[in-house]
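Working notes, structure below.
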Protein chains: 2
Amino acid sequence: MKYSKATNYALHTMLYLAVTSPNQRVGVQPMAEKLKVSPTYLSKILTQLVKAGMIESSPGAGGGYKLPPHWEEISFLDIIHAIEGPVSLFDGCLNDHPDCLIQNVMVSAEEKMEEELKQKKIAELAKKAPPVL
Amino acid sequence: MKYSKATNYALHTMLYLAVTSPNQRVGVQPMAEKLKVSPTYLSKILTQLVKAGMIESSPGAGGGYKLPPHWEEISFLDIIHAIEGPVSLFDGCLNDHPDCLIQNVMVSAEEKMEEELKQKKIAELAKKAPPVL
DNA sequence: CTATTAAAGAGTTATAATATCTATAATATC
DNA sequence: GATATTATAGATATTATAACTCTTTAATAG
Ligand code: SF4
Ligand code: SF4
């Protein structure tokens, strides 16, 4: 019951882009160095973010990744969902009782967490210019 | 990023005890049958619950498990913590920056969820006498 | 003492996360 | 067009954790 390291890397790179270069492209190597993770692995994570519309990519010389136009609206929840998928924390159901009481509790609790994660935008954190990496 | 099946089994057995026999002892075999899980495996989970004070056990003939005197106060969060341990959903930290912004967000979101899980008691669900198993 | 039941230990299997290697495709620059 | 650069994709290996089993031990009631 833990968020994956991939999610952690995704959050860090997003915050990194927001803090350092919201408009400029940056390749995967420098970020992989900062995060102390292999470029190929980080690349896979960034590709997932691209597909989810969290960042934009361009190949070729001078290419790299940059934030999309709407980047100030991107929330923690968006990033987490991009990596973890549309998670439901609880799904060990066996019998499919109608209107399951256990699942109701778990889902409503999960929603409380998601509300909070939806309100928190990386742009908001970036304003504080933290030493993110 | 999912709760373990063990947590699921724990929630179901607790609710089962609360619904069927709040005072009477019941062995692991009947419950394992209902849950379609092996008795030895369920036994390990129940032992964790015993150590966390969620249930009481007694060996020997006529023994088994029963809820403790304070069972009506037991929350979902209590049960989850008993199985998952004192979880922190997020811990992929690399640099230990002071007053980490990312971790602050994740922790506060997690607390929102835990508040909800702390308010939900199994006794409350048991009153509705659901077809739990 | 014997039957019954929980607890504990060691081990196995299954599944998912993590990471690497290699090959391919796209773009810019010359 | 040739070359260097960079992202993407596929296959695969490694590691970690969850899930489960088997066996032994301990405790209790009758
Ligand atoms: S109680 Fe809920 S989770 Fe459990 S078997 Fe019934 S529907 Fe599924
Ligand atoms: S930003 Fe937070 S989680 Fe990331 S390295 Fe710094 S302290 Fe750790």
Side-chain angles (χ1 to χ4, degrees), chain A residues 1-10 12-13 17 21 24-33 35-68 80 82-85 87-92 94, chain B residues 1-10 12-13 17 21 24-33 35-68 80 82-85 87-92 94:
Chain A
M1 176 51 180
K2 247 183 214 321
Y3 279 111
S4 66
K5 295 176 86 172
T7 295
N8 183 28
Y9 294 142
H12 275 79
T13 52
L17 289 174
S21 57
Q24 189 181 351
R25 297 192 181 284
V26 52
V28 74
Q29 285 98 346
M31 293 195 286
E33 277 177 28
L35 286 170
K36 291 166 192 153
V37 64
S38 95
T40 41
Y41 183 45
L42 184 58
S43 177
K44 284 212 184 301
I45 296 165
L46 296 186
T47 299
Q48 287 185 270
L49 291 177
V50 169
K51 287 183 176 170
M54 300 293 106
I55 49 180
E56 294 176 350
S57 70
S58 44
Y65 300 93
K66 78 188 262 292
L67 294 172
I80 292 170
I83 304 298
E84 305 269 343
V87 281
S88 175
L89 294 187
F90 186 80
D91 72 342
L94 309 156
Chain B
M1 177 53 182
K2 243 180 217 325
Y3 280 111
S4 66
K5 295 177 86 171
T7 294
N8 184 28
Y9 294 143
H12 276 80
T13 52
L17 288 174
S21 58
Q24 188 181 351
R25 298 192 180 283
V26 52
V28 74
Q29 285 99 343
M31 292 194 286
E33 276 177 29
L35 286 170
K36 290 167 194 153
V37 64
S38 94
T40 41
Y41 183 45
L42 184 59
S43 176
K44 285 209 183 304
I45 295 165
L46 296 186
T47 299
Q48 288 185 270
L49 291 177
V50 169
K51 288 183 176 168
M54 300 293 105
I55 49 178
E56 295 176 348
S57 71
S58 45
Y65 300 94
K66 76 187 264 290
L67 295 172
I80 291 169
I83 304 299
E84 304 270 342
V87 280
S88 175
L89 293 187
F90 185 79
D91 71 341
L94 310 156

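In what follows, chains carry the letters A, B, and so on, assigned in the order in which the sequence lines appear, proteins first and then strands, with residues in each chain numbered from 1. The model shown is predicted, which means the values in this text are computed figures rather than measured ones.
Separating the CZ atom of B:Arg25 from the P atom of C:dT4 is a distance of 18 Å, rounded to the nearest angstrom. Taking atom NZ of residue A:Lys5 and atom P of nucleotide D:dT15, one finds them 13 Å apart after rounding to whole Å. Atom C1' of nucleotide D:dC20 and atom OH of B:Tyr41 are separated by 7 Å, given to the nearest angstrom. Atoms CD (B:Glu56) and P (C:dA7) sit 12 Å apart, rounded to a whole Å. When rounded to the nearest whole Å, the span between CG of B:Asn8 and P of D:dA19 equals 10 Å. In this entry the distance linking NZ of B:Lys66 with C1' of C:dT5 reads 17 Å, nearest Å. Atom pair B:Lys51:NZ and C:dA6:P shows a separation of 15 Å (rounding to whole Å applied). In this structure, CD of A:Glu84 is placed 10 Å from C1' of C:dA17, rounded to the nearest angstrom.
Comparing C:dA7, D:dC20, C:dA6 against the side chain of B:Tyr9 picks out D:dC20 as the nearest. Nearest nucleotide to the side chain of A:Pro59, out of C:dT27, D:dA9, C:dA6: C:dT27.
Looking at B:Ile45 and B:Thr7, their side chains never come closer than 4.5 Å, going by heavy atoms from C-beta outward. At least one side-chain heavy atom of B:Tyr65 sits less than 4.5 Å from a side-chain heavy atom of B:Val28. With contacts defined as side-chain heavy-atom distances shorter than 4.5 Å, the pair B:Thr40/B:Lys44 does not qualify.
Within the shown strands, D:dT3 is the pairing partner of C:dA28 under the Watson-Crick or G-U definition, both distances less than 3.5 Å. Under the Watson-Crick or G-U wobble criterion, with both distances below 3.5 Å, D:dC20 is paired with C:dG11.
In terms of position along DNA chain C, the nucleotide closest to A:Tyr3 lies nearer the 5' end than the nucleotide closest to the other residue of the pair A:Ala61 and A:Tyr3. Both B:Ala6 and A:Leu46 sit near DNA chain D, but only A:Leu46 has its closest nucleotide nearer the 5' end. Heavy-atom nearest nucleotides on DNA chain C were determined for B:Val26 and for A:Gly62, and the one closer to the 5' end corresponds to B:Val26.
Remark: the backbone N or O of B:Ser43 is paired with a side-chain donor or acceptor of B:Thr47 at under 3.5 angstrom. A distance-only check finds a donor-acceptor pair linking the side chain of B:Glu84 to the backbone of B:Ser4 [under 3.5 Å].
Contacts of B:Val28 with the nucleic acid, taken as non-hydrogen atoms under 4.0 Å apart, involve only primed sugar atoms and P, OP1 or OP2.
Put simply, B:Ser4 has no side-chain N or O that comes within less than 4.0 Å of OP1 or OP2 on D:dA18. Checking the phosphate oxygens (OP1, OP2) of D:dT21, no side-chain nitrogen or oxygen of B:Thr40 falls inside 4.0 Å. Distances shown here put a side-chain N or O of A:Ser57 below 4.0 Å from the OP1 or OP2 atom of D:dT8. A sub-4.0 Å separation between OP1 or OP2 of D:dT21 and a side-chain N or O of B:Ser38 is present.
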